[in-house]
Amino acid sequence: MQKRERLNQISSAYPVSLPITHTIEAVRAHYPNLEADISTGDEVSVAGRIMFLRNTGKLCFATLQSGTGERIQAMISLDKVGEETLESWKELVDLGDHVFVRGEVITSKRGELSILADEWLMAAKTIRPLPNLHNELGEEFRVRHRYIDLIVRDRAREVVKIRAQVMQSIRNTFANRAFMEIETPMLQVVHGGASARPFKTHSNAFDTELFLRIAPELFLKRAVVGGLERVFEVNRNFRNEGADRTHSPEFAMLEAYEAYGDYHTMAQLTQDLIQNAAMDVFGTHQVALYDGTENDLGGTWPKMSMFHSLSEAAGVEITPATDMAELKKLAKSVEIDIEHPLHGKYVEELWEHFVKPGLDRPTFVTDFPVDTSPLTRDHRSISGVVEKWDLYIRGFEQATGYSELVDPVVQRERFMAQMELAKSGDPEAMKLDEEFLKALEFGMPPSGGMGMGIDRLLMSLTGLGIRETILFPLVK
RNA sequence: GGGCCUAUAGCUCAGUAGGUAGAGCAACGGACUUUUAAUCCGUGGGUCGACGGUUCGAGCCCGUCUGGGCCCA
């Protein structure tokens, strides 16, 4: 703080602008491999944050870092700048400061590319110390102080960059297929499109209770009714539920709808989106994760029927017609402790117990129970199941896709069934959305739809936990 | 919701058996014109997460709460 005052007396601790001529990256790129102890005669002006500081008697060294993490050494020598300037450097400059340096590009006697300063200026003074760079920061500190994490940890910057590149790739894939990106409400009068508990809020202007959306589905479908035949949206969903390694209360969700598509075309689209992203960002479908393992996203991903795979793994034939008592008996025998009115809930829980742990390669699990998928149309030939898949990658749910239910009468019946569930105490049961039903009554073309968690996609591509793929995750 | 672990300096951590609170880096003072986590000499720095209890005495033992993590449901 005293240094800030001193700087303000001399010039400024926080100048409005500085005559920078080169980025650190540009200087590095221009002199890729100079010999040691060379003077180039070229003068540059750069600025960067001081990551290391080595002040000796009459010659000082500092490592400057740019926003991308690129670094270059600055040298302040007595015979170049004079005693007063050298002394002010030693007195006023700390680790973490942004400084401006003008001088000749040289290499040191040890061969380090450096700028031998004729002049230095404070670019922005830090009044708090940087953490030491010789130990890993604790996870808690990194999440609460992501801006520091970004300064000191290459990987933190890298994850942000990968995420941006993945989003770019996804948008490219959609653009190449004539999908339009649209935005639908986050504040909703009736929440819908998923089974989850919502966050509630209140509008003063409308004097009404509003919900943060749990999914954009019902609005994207309205868009399809309106003739926007290929639409997608990437934005935040909010679910008022637990947070752990794979769940965040707010998370980025991609949803896409394609008129005249079905769950098969959406499966292909989803595989293409993920494979294109891996190829665009990493140049391969065999993605190397940070934990040293590899995630093989290549090839055509297999499809596996939920009922068939469960029957096989459990050693008992299980169909939509299997008696509830039998499902309960089976659940009890493997110590799955659930009490739920829905047949399909037991089937899904049993499937997760018997089959899911063995899933390693990306797999589309298809043809789900009707009663747990109220927005999906009945299977075209198998009774009792719907045309829905869940994509599992490395054993956890990555995406879902439907042949959308477009029959307004059947949709109303499904909502009524959900209301019965809500009455019996299920807090996640869907609400009946009368305005959405009205839209369907105007005729929605047969359509496929898909949804994918973006944070989870980043997890699949990096092997990190969700709090590392989200730049600023919620912390208490 | 249940169980287990955890919280000590700006950061990363140690703290034995209950007996004056420690290290490295950072900071401060000094030396040093080629350093690369510079080095050397010296100095300062703590509500030991909070509250309560046991004890002559608590960072350490006990209880409650708060934050964080892991496992189970």
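Every chain is numbered from 1, with letters handed out A, B, ... down the list of sequences. Note that this is a predicted model, so its numbers are computed, not measured.
Across the strands present, B:A27 finds its partner in B:U43; the criterion is a Watson-Crick or G-U wobble pair with both atom distances under 3.5 angstrom. B:C4 is paired with B:G69 under the criterion used here, namely a Watson-Crick or G-U wobble arrangement in which both key atom distances are under 3.5 Å. Figure legend. B:U34 is base-paired to no nucleotide; pairs are counted as Watson-Crick or G-U wobble with both atom distances under 3.5 Å. Under the Watson-Crick and G-U wobble criteria, each requiring two contacts below 3.5 Å, nucleotide B:U16 is left unpaired. The partner of B:C48 cannot be assigned: no Watson-Crick or G-U wobble pair with both contacts below 3.5 Å exists in any strand.
Dashed line: the shortest gap from a side-chain N or O of A:R110 to OP1 or OP2 of B:U35 is under 4.0 Å. Within the 4.0 Å cut-off from OP1 or OP2 of B:U35, not a single side-chain nitrogen or oxygen of A:R54 is found. Considering only side-chain N and O atoms, A:K109 lies nowhere under 4.0 angstrom from the phosphate OP1 or OP2 of B:U34.
B:U47 sits 29 Å from B:C70 when the P atoms are compared, rounded to a whole Å. Nucleotides B:C72 and B:A26 place their P atoms 42 Å apart, quoted to the nearest Å. Straight-line distance between the C1' atoms of B:A50 and B:A14: roughly 24 Å, to the nearest whole Å. Using C1' as the reference atom, B:U36 and B:U20 are 41 Å apart when rounded to the nearest Å. Separation of the P atoms belonging to B:A37 and B:C32 is 24 Å when rounded to the nearest angstrom. For the P atom pair drawn from B:U34 and B:G42, the interatomic distance equals 24 Å after rounding to whole Å. With both ends at atom C1', the span from B:U64 to B:A23 equals 34 Å, rounded to whole Å. Taking atom C1' in both B:U33 and B:G69, one finds a spacing of 50 Å when rounded to whole Å.
Atom CD in A:E83 sits about 11 Å away from atom P in B:C32, given to the nearest Å. Rounding to whole angstrom units, NZ of residue A:K476 and P of B:A7 are separated by 19 Å. B:U39 atom P lies 20 Å from atom NZ of A:K58, rounded to whole Å. Atoms NE2 (A:H340) and P (B:A73) sit 17 Å apart, rounded to a whole Å. Across the protein-nucleic acid pair, A:L53 atom CG and B:C25 atom C1' stand 14 Å apart, rounded to whole Å. B:A27 atom P lies 12 Å from atom CZ of A:F52, rounded to whole Å. Taking atom NZ of residue A:K332 and atom C1' of nucleotide B:A73, one finds them 17 Å apart after rounding to whole Å. Atom CD1 in A:I50 sits roughly 11 Å away from atom P in B:A27 (whole-Å rounding).
Distance from the side chain of A:D79 is smallest for B:U33 among the nucleotides B:U33, B:U66, B:U36. Listed candidates were B:U34, B:G67, B:U12. Nearest to the side chain of A:R144 is B:G67. For A:E140, the listed nucleotide lying nearest its side chain is B:G67; candidates were B:G67, B:A38, B:U35. In the set B:U12, B:U33, B:U35, the nucleotide with an atom closest to the side chain of A:N132 is B:U12. Set against B:A38, B:U34, B:U66, the side chain of A:T56 has B:A38 as its closest nucleotide. Comparing atom distances between the A:H134 side chain and each of B:U36, B:G67, B:A37 picks out B:A37 as nearest. Side chain of A:R467, nearest nucleotide from B:G69, B:U33, B:U36: B:G69. Comparing B:U35, B:C11, B:G10 by their closest approach to the side chain of A:P131 singles out B:C11.
Ring centroid separation for the pair A:F100 and A:W89 does not come in under the 6.0 Å cut-off.
Looking at A:K125 and A:D94, a side-chain N of the basic residue comes within less than 4.0 Å of a carboxylate O on the acidic one, giving a salt bridge. Taking the charged nitrogens against the carboxylate oxygens, A:R153 and A:E136 have no contact shorter than 4.0 Å, which rules out a salt bridge.
Using a 4.0 Å heavy-atom cutoff across all strands shown, A:E136 reaches sugar-phosphate atoms only and no base atom. When heavy atoms are screened at a 4.0 angstrom cut-off, A:R71 is found touching no nucleic acid atom at all. At a threshold of 4.0 angstrom between heavy atoms, the contacts of A:F61 include nucleobase atoms, whether or not backbone atoms are also involved. Within the nucleic acid shown, A:D37 has no heavy atom closer than 4.0 Å to any nucleic acid atom. Residue A:L78 is classed as a base contact, given a heavy-atom separation below 4.0 Å to a base. Residue A:I148 is out of contact with every strand shown, counting any heavy-atom pair closer than 4.0 Å.
A donor-acceptor contact under 3.5 Å is formed by the side chain of A:S108 with the base of B:U35. Contact annotation: side chain of A:E112 to base of B:U34, donor-acceptor pair absent below 3.5 Å.
Between A:I170 and A:L254, the closest heavy-atom pair is CG2-CD2, 4.3 Å. Closest heavy-atom contact between A:T376 and A:R414: O-NH1, 2.7 Å. Taking all atoms of both residues into account, the shortest heavy-atom contact from A:L330 to A:A314 is CD2-CB, 4.2 Å.
Pairs of residues two or more places apart, or lying in two chains, never qualify as ring pair (Phe, Tyr, Trp, His ring centres under 6.0 Å) while including a residue from residues 16-59 of chain A.
Closest-nucleotide positions on RNA chain B for A:R245 and A:G111 were compared, and the one nearer the 5' end corresponds to A:G111. Sequence order on RNA chain B of the closest nucleotides to A:K80 and A:F141 puts A:F141 first from the 5' end.
The shortest distance between side-chain heavy atoms of A:P249 and A:E241 does not fall below 4.5 Å.
The cationic atom of A:K388 (NZ for Lys, CZ for Arg) does not lie both less than 6.0 Å from the six-membered ring centre of A:Y402 and within 45° of the ring axis.
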